[in-house]
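Just so we're on the same page: letters track the sequence lines, and every chain starts at 1. Excluded from the calculations below are hydrogen atoms, water molecules and symmetry mates; all remaining heavy atoms, backbone and side chain alike, are included. Bear in mind that the values here come from a model prediction, so they are computed numbers and not experimental data.
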There are 2 protein chains.
Amino acid sequence: MDMKLKQQASAITELTFDLLRCCEAKEKMFAKDHGLKVAEFRCLRIVEAGKSYSVQELATSMHLSPSRLTRIIDGLFAEKLVDRVQSIEDRRFAKISLTNKGQTLVGKLKEEYADLHGEMLKDISVEDRDKIYNGISLMQGLVSTWLVRNA
Amino acid sequence: MDMKLKQQASAITELTFDLLRCCEAKEKMFAKDHGLKVAEFRCLRIVEAGKSYSVQELATSMHLSPSRLTRIIDGLFAEKLVDRVQSIEDRRFAKISLTNKGQTLVGKLKEEYADLHGEMLKDISVEDRDKIYNGISLMQGLVSTWLVRNA
DNA sequence: CAATTTCTTTGCTAAAGGCAAAAATAGTGA
DNA sequence: TCACTATTTTTGCCTTTAGCAAAGAAATTG
């Protein structure tokens with residue numbers, strides 16, 4: 001058994017766990033400050049202006065069930081942030097897209113959420129920021145691949 | 001305005017967001033596979049054998065409210081995984097600690113959760129694992145500090 | 001010893017999320 | 001064509017997660 005791997009895995013497990021708790025708290029604060037539910041913020045953050053998505057696509061990329069997504073979209077629709085139209089090619093599909101109001105909000109959201117991270121990152125060196133990027137990028141790839149294989 | 005910072009912040013924002021979703025899915029799967037609620041797993045994972053904790057300590061380190069913690073502990077207590085005794089020095093405080101059954105379970109949980117990460121990390125180089133560690137460590141520190149200042 | 005503070009719990013409510021069945025549509029084989 | 005199957009989304013119902021405000025219990029302080 002690879003002792004070095006075991007030790008590195010333990011350390012990374014611990015760190016990732018802590019990072020997760022902090023980032024969840026951060027997301028919750030941010031969503032609340034913008035009058036959104038966390039689920040709504042998370043959903044809005046992944047829809048790009050001009051594109052349209054099926055319920056299933058959104059569910060998959062958010063790692064949630066389709067039924068959960070229906071409810072989240074209900075909320076966004078009620079606030080007139082997204083449109084929901086039946087696909088013409090296959091009328092079983094919904095086509096979810098941002099309204100103008102939604103696009104404006106999402107633009108602001110992305111801008112300000114990046115600013116928040118900019119605030120955190122502003123006092124460290126460009127090199128350290130790259131280290132963060134590279135480390136998280138590697139980790140994200142691994143977890144993502146693992147999930148596909150084990151879900 | 002620092003263009004480089006802005007760009008790095010955007011990239012890190014995006015990545016962190018994705019990592020978060022994946023890690024939540026991973027935690028959910030792991031907890032379910034071990035017959036635990038996610039909140040219970042998260043709680044158990046931070047209590048060390050032999051130590052005792054107040055409700056507030058646990059709430060703070062989990063970024064949750066004390067009342068939420070009372071409920072989580074209720075569940076763990078019902079399963080005889082933790083003991084809950086009144087502190088003798090100051091009887092307002094609860095002293096939460098692992099039972100023998102709890103210690104056994106937590107040991108197994110930590111072992112297997114680290115193994116899961118070991119599985120993910122086993123095919124990359126020691127250097128890349130260090131990059132992950134360093135990157136996440138830096139990020140965790142930043143988010144944690146930011147939270148303290150902005151909560 | 002009354003008033004205040006601190007820690008935990010309780011009651012209540014909202015938000016997050018999934019499962020199973022229903023509804024609607026598309027495709028397919030006889 | 002029509003019955004059957006498969007797919008996509010929605011609905012009903014339930015569980016889990018979480019916080020707030022008030023109550024309860026104990027300590028501290030004037």
Engineer: Who clusters with Leu20(A)? Use side-chain heavy atoms, under 4.5 angstrom, across I, L, V, M, F, W and Y, and order the result by chain and number.
Structural biologist: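 Grouped by the 4.5 Å side-chain rule, Leu20(B) form the rest of the cluster around Leu20(A).
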Engineer: Whole angstrom is fine here: how far is it from NZ in Lys95(B) over to P in dC7(C)?
Structural biologist: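 So the NZ-P distance, Lys95(B) to dC7(C), works out to 15 Å.
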Engineer: Starting at atom CD1 of Ile73(A), determine the distance to atom P of dT9(D), rounded to an integer number of angstrom.
Structural biologist: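 One finds 8 Å between P of dT9(D) and CD1 of Ile73(A), rounded.
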Engineer: Among residues two or more places apart or on two chains, list those pairs meeting ring pair (Phe, Tyr, Trp, His ring centres under 6.0 Å) that have a residue in residues 55-94 of chain B.
Structural biologist: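 Every pair satisfying ring pair (Phe, Tyr, Trp, His ring centres under 6.0 Å) with a residue in residues 55-94 of chain B: there are none.
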Engineer: Atom NZ of Lys37(A) to atom P of dA18(D): distance rounded to whole Å?
Structural biologist: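 My rounded result for the distance is 17 Å.
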Engineer: Expressed as a whole number of angstroms, how long is the span from Glu89(A):CD to dG27(C):C1'?
Structural biologist: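 In whole Å, dG27(C) C1' lies 16 Å from Glu89(A) CD.
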Engineer: Do Arg45(A) and Tyr113(A) meet the cation-pi criteria used here (NZ or CZ under 6.0 Å from the six-membered ring centre, within 45° of the axis)?
Structural biologist: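 Pair Arg45(A)/Tyr113(A) does not count as cation-pi.
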Engineer: Expressed in angstrom and rounded to an integer, what is the separation of Tyr53(B) atom OH from dC7(C) atom C1'?
Structural biologist: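 So the two atoms are 19 Å apart, to the nearest Å.
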Engineer: What I want to find out is whether Glu111(B) reaches Lys108(B) closely enough, with some N-O distance under 4.0 Å, to be called a salt bridge.
Structural biologist: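 A salt bridge is absent here (no side-chain N lies under 4.0 Å from a carboxylate O).
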Engineer: Provide, to the nearest angstrom, the distance between the CG atom belonging to Leu76(B) and the C1' atom belonging to dT16(D).
Structural biologist: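 Checked: the CG to C1' distance equals 14 Å.
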Engineer: Would a hydrophobic clustering, with Ile, Leu, Val, Met, Phe, Trp and Tyr connected at side-chain separations under 4.5 Å, put Leu19(A) with Leu116(B)?
Structural biologist: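 Yes.
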Engineer: Salt bridge check: are Lys26(A) and Glu119(A) linked by an N-O gap of less than 4.0 Å?
Structural biologist: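 No.
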Engineer: Rounding to an integer number of Å, can you tell me how far Asp74(A) CG sits from dT9(D) C1'?
Structural biologist: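 It works out to 11 Å between those atoms.
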Engineer: Which residue lies toward the 5' end of DNA chain C, Glu40(A) or Ile88(A), if each is placed at its nearest nucleotide?
Structural biologist: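 The residue closer to the strand's 5' end, by nearest nucleotide, is Glu40(A).
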Engineer: Provide, to the nearest angstrom, the distance between the CD atom belonging to Glu57(B) and the P atom belonging to dC7(C).
Structural biologist: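 After rounding, the reported distance stands at 11 Å.
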Engineer: Nucleotide by nucleotide, 5' to 3', does protein get under 4.0 Å of the base (B), only the sugar-phosphate (S), or neither (-) in nucleotides 17-25 of chain C, counting heavy atoms?
Structural biologist: BBB-----B
